[in-house]
Number of protein chains: 4
Amino acid sequence: MQSRTPAARSGRPRSTAADTAILAATRAALVELGWSKLTLQDVATRAGVAKTTLYRRWAGKNELVVDAVAELFDELRLPDLGSLAADIEGVVLQFAAILARPEAKSGLMAVVAESTRDDALRERIRCSIVERQKRLVLEGRARAQTRGELPAEPDPEQAARTADLIFDVVAGAVVHRTLVSAEPADGEWVRSFTRVLLVGLAGAEQDS
Amino acid sequence: MQSRTPAARSGRPRSTAADTAILAATRAALVELGWSKLTLQDVATRAGVAKTTLYRRWAGKNELVVDAVAELFDELRLPDLGSLAADIEGVVLQFAAILARPEAKSGLMAVVAESTRDDALRERIRCSIVERQKRLVLEGRARAQTRGELPAEPDPEQAARTADLIFDVVAGAVVHRTLVSAEPADGEWVRSFTRVLLVGLAGAEQDS
Amino acid sequence: MQSRTPAARSGRPRSTAADTAILAATRAALVELGWSKLTLQDVATRAGVAKTTLYRRWAGKNELVVDAVAELFDELRLPDLGSLAADIEGVVLQFAAILARPEAKSGLMAVVAESTRDDALRERIRCSIVERQKRLVLEGRARAQTRGELPAEPDPEQAARTADLIFDVVAGAVVHRTLVSAEPADGEWVRSFTRVLLVGLAGAEQDS
Amino acid sequence: MQSRTPAARSGRPRSTAADTAILAATRAALVELGWSKLTLQDVATRAGVAKTTLYRRWAGKNELVVDAVAELFDELRLPDLGSLAADIEGVVLQFAAILARPEAKSGLMAVVAESTRDDALRERIRCSIVERQKRLVLEGRARAQTRGELPAEPDPEQAARTADLIFDVVAGAVVHRTLVSAEPADGEWVRSFTRVLLVGLAGAEQDS
DNA sequence: CGCTAATCGAGACGGTACGTCCGGTCTTGCA
DNA sequence: TGCAAGACCGGACGTACCGTCTCGATTAGCG
């Protein structure tokens, strides 16, 4: 993360166990207390670590929570369920399941809110969280093209725009359903949403 | 807002001008400082008001910001541009324009984040902000049905589910585009999005 | 202390009881913990006061301790025991008794040490502590001149120099005996010291 | 200092140059920063030494500063100026000159203050600093007796008491003049003080 | 038209978290 | 084994903000 030089220079090296413990403690604190009542001192105590160790590795609450929440999205996988619709439904359900967890709910929107005034933080969110998700969109399209469900996209720029649009629609809809409407993004909702999305994309494709 | 008793009991009544000044000051502070650095003392000073006056009317930072941001959405209107597609594009553009303003960006996501752990706050957001937007979806559908662009919906429960889905998709996509992807929801994007949405809804309708 | 204007302007006035409680708590903490382990948070807790209240009234540990210790010297009185020698012995014994108390021992030298690098602090010490003591020297000499034990001093500048010398010798000797040599400045020692001082002053007077 | 075994046991022996460098660095830091802002890390850096090396040789800040300041008093010598009065004036002037140096001012009172709650520290101060000074009093008296300026003291216990008194008066007066009154102990002041002291001692002697 | 009661500006108050700094201890690898 | 480097735990620092409180000074409307 912070030092790409594998040749650790001198002095006592940083404890790698501490990183793991700190991020886990951060998620536990998010579950119990939520973002606004989360204290760095409390995280440090839960992790069995001094507050200074925290500040040595992260610039502040925001950066720490981004990394802690980002790990939640590591388990996202593109399932191979035989058809594009089923694959999408599967991945959207996984995404919804993660968002339903309180550590994600509490932390994610808060750091997004902070990122509106902090470009470095937004970049960190993009790298740690967003890109990890967007990759699934690209993989899913490639697999669908292999299967012959989608035609090859001749214009790469147009392809990127479409991928961005899909991503904003999918992520945005699930987030809004979960956090703002506070309704569960369950199987039924995901099926309805996926059908609208796929039909819309197919139709919009041939129109243009 | 808080006292429905029009029969003001006795003593000096509350200054109505103060409310206006406070909400305006809150928005100004949001623009300059953002959510996390906004101080109630600072808002009070900008509004030329004592801090106590603030606490006499709002329970805290969250409630104050909800009301301040809610006023931004008062100007949302469903335009009559002749077709369903044009109407939707128009209203989505308006919504995107509001979200692009820094006072909305800074404040909205923050209170949504807080609302994940505060049911009263979520209810306040729903009443003050969300319902105000969802009404446009219903109005738009009614007008389209009048025009004959959409068939009358026989099942009212199914109609409500569809309206909720539309609302989550529209609001979620615009918010995600604006705040997470940090790209402008401009005319081109809105046209692409609207086409996908309308085609998808139409197609999904027939299938079911 | 800080505002001589009796016309308290506006806002809630400062609690006068707090000052008393804080200074007493400071002395108690000095007794138990000594200067270097004394914590402002601990003082605040003992006084039943918030830490912020402390910082609102004193700039830091040094200033607080100066005021707390200064009150100890309020009880110094010039006794009227009939002769210059007896009066001096009496006041030196009082001074030694105060210095023997742990709250004075711990605090006094520490703030003097700090004052070597902080002119404002030195001035505060001079006003609050030193001048209060030096006044006794002047009173004692005036009384002795009234009694006819000492001749009237014709040169006022020379008189001031002598008073300063007396003060440095008396205070310095008692402090050094108590804190550095760590021996009690008891009656015997005080008698020996006083005799040397008075004989020396009388003799030096004639010589010049 | 702490390891008296001259037969260095095994492994790398301790660098003797380091001690010198550390004590010099401590004095330099005292001059620049004063006691309270002096940092062991800063001393180590100035001395080109690791912090661990420091802690291997001294128990803490207090002990280090005592040793650093003690070296300043090594240069005190009893001059032979022909008469008791001149000798005393000379040694008092030397003492005053050392106390006027900022590294002494800053450090000395601070460790004395600490010593009020730390017996081991007081003992260290007595051995390293006080005894070194008190020896001069004894030497001076012996020389004066050789010269015939002072009678031989028959009672050794009384002699010790008198020496202690002299020492407390001299050291105390100079310290108080320099640190508390913050006035220079210059030639004129020293002459006045010495005259009072000698006359007093002579007079008190014959009285008893 | 003066009483009465709630409001207002001001600012001190008890708390709590912040981010920084330092004291001492420990764990590395090199000499 | 000593040593430089530096990470580690613990704890105090001084600051800032929150939400409450206590002042004296205004204001309405009711009597």
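Chain letters run A, B, ... following the sequence lines, proteins first and then strands; every chain starts at 1.
Taking every side-chain heavy atom of B:K51 into account, F:dC18 is the closest of F:dA12, E:dG23, F:dC18. Set against F:dA28, F:dG19, E:dG14, the side chain of B:Y55 has F:dG19 as its closest nucleotide. For D:A50, taking side-chain heavy atoms from C-beta onward, the closest of the listed nucleotides E:dT28, E:dA5, F:dA5 is F:dA5. Closest to the side chain of D:L40, from the set F:dT22, E:dC8, E:dG23, is E:dG23.
OP1 or OP2 of E:dT7 lies within a sub-4.0 Å distance of a side-chain N or O belonging to B:R14. Close to E:dC13, at under 4.0 Å from its OP1 or OP2, lies a side-chain N or O of C:R56.
The backbone N or O of A:D42 lies less than 3.5 Å from no partner atom in the side chain of A:T39, so there is not a single donor-acceptor pair.
Among the protein residues, D:G48 comes within range of the sugar-phosphate backbone only, with heavy atoms under 4.0 Å from sugar or phosphate atoms but none that close to a base. Base contact: C:T52 has a heavy atom under 4.0 Å from a base atom. Residue contacts shown for D:L38 are limited to sugar-phosphate atoms, with no base heavy atom under 4.0 Å away.
Protein atom CG of C:L54 is 13 Å distant from nucleotide atom P of E:dG15, rounded to whole Å. Atom pair B:K61:NZ and F:dC17:C1' shows a separation of 9 Å (rounding to whole Å applied). One can place CZ of A:R12 at 7 Å from P of E:dT28, the figure rounded to the nearest angstrom.
To the nearest 0.5 angstrom, A:L23 atom CG is 9.5 Å from A:R57 atom CZ.
Checking C:D67, C:L40, C:V31, C:V65 one by one against C:T26, the side chain to side chain contact (heavy atoms under 4.5 Å, CB included) holds for a single residue, C:V65.
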